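Worksheet for the structure shown next.
Computed from a predicted structure; not experimentally measured.
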Amino acid sequence: FERWNWARFHPSMFSETNPVESTERLKKFNDSIRLCVSNNGEILSMVNIELPHEKGVVHFQHSEKGNQFLDTLFEYAENNLADPESEIIKTYIYDHDIDLQEIATRHSWRINPDRQDHMAEYTITNPPPNNLPDGFIISSMAEGGDYTQRCRLNGLGFNHPDPKGWTTPAEYREVQKAPDYRPEFDLFVKTQEGEYVSGCIIWYDDYNRAVTFEPVCTIPDYRRKGFGREVMMEGIRKATAVGATRAFVGSSQEFYKAIGFEMKYPDHEWIKEL
């Protein structure tokens, strides 16, 4: 569920210099969504895109009661959400989700064995103490965070060296309007001189007592020095304080394994050529 916060309020949704484009992106996201809802208003199943620029990629969510509507959602997705140029449509299905796999197979989707990922899980027990080297501190956007530095961190942390491609402070303020965004959970490691070198956002799902890390990044000059681990462990400590018992991150990277995440929920890409 927390990926919805990051999808709807992802920085790429907003353009400070082109508000018309922002409106078009948000409209495309909202218009993609189809819900199957019970008479009492309970959402039973749904389909949506995640990011408007990812053409032909869709995501299905369903409860057991909503399985009966999945055929309708697959037909809608194939007719409306495929890449118009390649006429290909893709989704990602957990290996344990037999119901969704059976329906995808019935609609002639095929599994791509070469595209596997995981939802990794960390069971929160006693998080380790802060182990930052001298000259660095962990802070949050709730403590007077610098928007320019936060945008620089995201830009360099995701390997975009040109500042023209970075999120602007105004666009980052739009990100902060996500329903489950908490500035105290928007964390970063900084030097004594004020340079942000590693950061993450944690999204707290109080219903399930779980947090999701999205995004996590470290700028190139400071990688493999423990800063990513330290900022995530600070996130775990903050999660513990609000009652979370589990943490998730959608990635199979060795980095997450090394700091204690288990590659617990594998998924595969499924594809259909229309």
Side-chain angles (χ1 to χ4, degrees), residues 2 5-6 9-11 120 122-161 163 165-178 180-206 210-251 253-261:
E2 294 307 337
N5 285 270
W6 190 237
F9 291 88
H10 192 273
Y122 182 101
T123 301
I124 298 174
T125 52
N126 296 313
N130 186 316
N131 192 33
L132 275 177
D134 292 341
F136 296 87
I137 63 170
I138 296 179
S139 188
S140 75
M141 292 302 287
E143 302 169 75
D146 183 296
Y147 283 88
T148 299
Q149 278 290 328
R150 193 66 180 87
C151 293
R152 175 182 180 272
L153 168 59
N154 274 8
L156 295 178
F158 286 99
N159 303 316
H160 300 294
W166 299 350
T167 302
T168 69
E171 292 163 356
Y172 200 81
R173 287 185 173 90
E174 294 295 323
V175 174
Q176 293 179 306
K177 295 178 182 178
D180 289 347
Y181 175 87
R182 298 188 185 187
E184 65 272 22
F185 289 170
D186 189 341
L187 305 169
F188 48 85
V189 177
K190 67 177 181 178
T191 66
Q192 289 181 334
E193 293 74 29
E195 180 186 13
Y196 293 10
V197 303
S198 185
C200 67
I201 300 178
I202 57 174
W203 305 89
Y204 180 47
D205 171 4
D206 57 354
V211 293
T212 300
F213 284 86
E214 182 71 40
V216 181
C217 66
T218 301
I219 66 175
D221 289 345
Y222 290 87
R223 290 174 185 166
R224 299 185 180 276
K225 297 180 180 180
F227 295 111
R229 177 187 184 279
E230 288 305 315
V231 78
M232 289 191 73
M233 288 301 105
E234 177 67 10
I236 295 292
R237 288 189 286 272
K238 284 184 175 290
T240 304
V242 296
T245 59
R246 297 179 298 164
F248 296 95
V249 64
S251 177
Q253 291 183 37
E254 290 294 327
F255 163 72
Y256 297 109
K257 296 180 187 179
I259 64 175
F261 280 81

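Distance alone, capped at 3.5 Å, is enough to place a donor-acceptor pair between the R223 side chain and the G157 backbone. The backbone N or O of Y196 sits less than 3.5 Å from a side-chain atom of Q149, completing a donor-acceptor pair.
Listed by first and then second residue, the ring pair (Phe, Tyr, Trp, His ring centres under 6.0 Å) pairs involving residues 133-158 are F136-F227 (not counting sequence neighbours). Within the structure, salt bridge (charged side-chain N to carboxylate O under 4.0 Å, His left out) pairs that include any residue of residues 127-153 comprise R150-D186, R152-E195 (at least two apart or interchain).
Taking all atoms of both residues into account, the shortest heavy-atom contact from V231 to S198 is CG1-OG, 3.7 Å. Between E230 and P129 the shortest heavy-atom distance is OE1-O, 4.4 Å. Taking both residues in full, the closest heavy atoms of P128 and Y122 are given as CD-OH, 4.4 Å, listed atom of the first, atom of the second, then distance. Between W6 and P11 the shortest heavy-atom distance is CH2-CD, 3.6 Å. The shortest non-hydrogen separation linking C151 to P169 is SG-N, 3.7 Å. Nearest approach of W166 to H160, heavy atoms of both residues: NE1-O, 2.6 Å.
The CG atom of L187 sits 6.0 Å away from the CD atom of E234 when rounded to the nearest 0.5 Å. Rounding to the nearest 0.5 Å gives a distance of 9.0 Å between CG of L132 and CD1 of I137. For the atom pair CZ of F261 and CE of M232, the computed distance is 4.0 Å after rounding to the nearest 0.5 Å. Taking CG of D180 as the reference point, atom OG1 of T212 lies at 10.0 Å (rounded to 0.5 Å). We find the NZ-CG distance between K190 and L153 to be 12.5 Å, quoted to the nearest 0.5 Å. Atom CZ of residue F255 and atom OG1 of residue T218 lie 6.5 Å apart, to the nearest 0.5 angstrom.
Residues T191 and V197 are in side-chain contact: their nearest non-hydrogen atoms beyond the backbone lie under 4.5 Å apart. No side-chain heavy atom of Y204 sits under 4.5 Å from any side-chain heavy atom of I202. Within the 4.5 Å cutoff, no side-chain heavy atoms of I201 are placed close to those of E214. Contact check for R237 versus N130: side-chain heavy atoms found under the 4.5 Å cut-off. No side-chain heavy atom of S140 sits less than 4.5 Å from a side-chain heavy atom of F185. In this structure, N154 and T167 have side chains that are not in contact, with every pair of non-hydrogen atoms separated by 4.5 Å or more.
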Checklist entry - Would V189 and Y222 satisfy side-chain contact (heavy atoms from CB on, under 4.5 Å), going step by step from the backbone distance to the final call? => result CA-CA 10 Å; V189 177; Y222 290 87; over 6 Å; no
Item to check | Derivation and outcome, side-chain contact (heavy atoms from CB on, under 4.5 Å), residues W203 and F213 | outcome: CA-CA 7 Å; W203 305 89; F213 284 86; over 6 Å; no
Next on the checklist: What verdict does the side-chain contact (heavy atoms from CB on, under 4.5 Å) test give for V242 and R182, after you've listed the backbone C-alpha separation in whole Å, the side-chain angles of each residue and the deciding distance to 0.1 Å?
Outcome noted: CA-CA 12 Å; V242 296; R182 298 188 185 187; 4.0 Å; yes
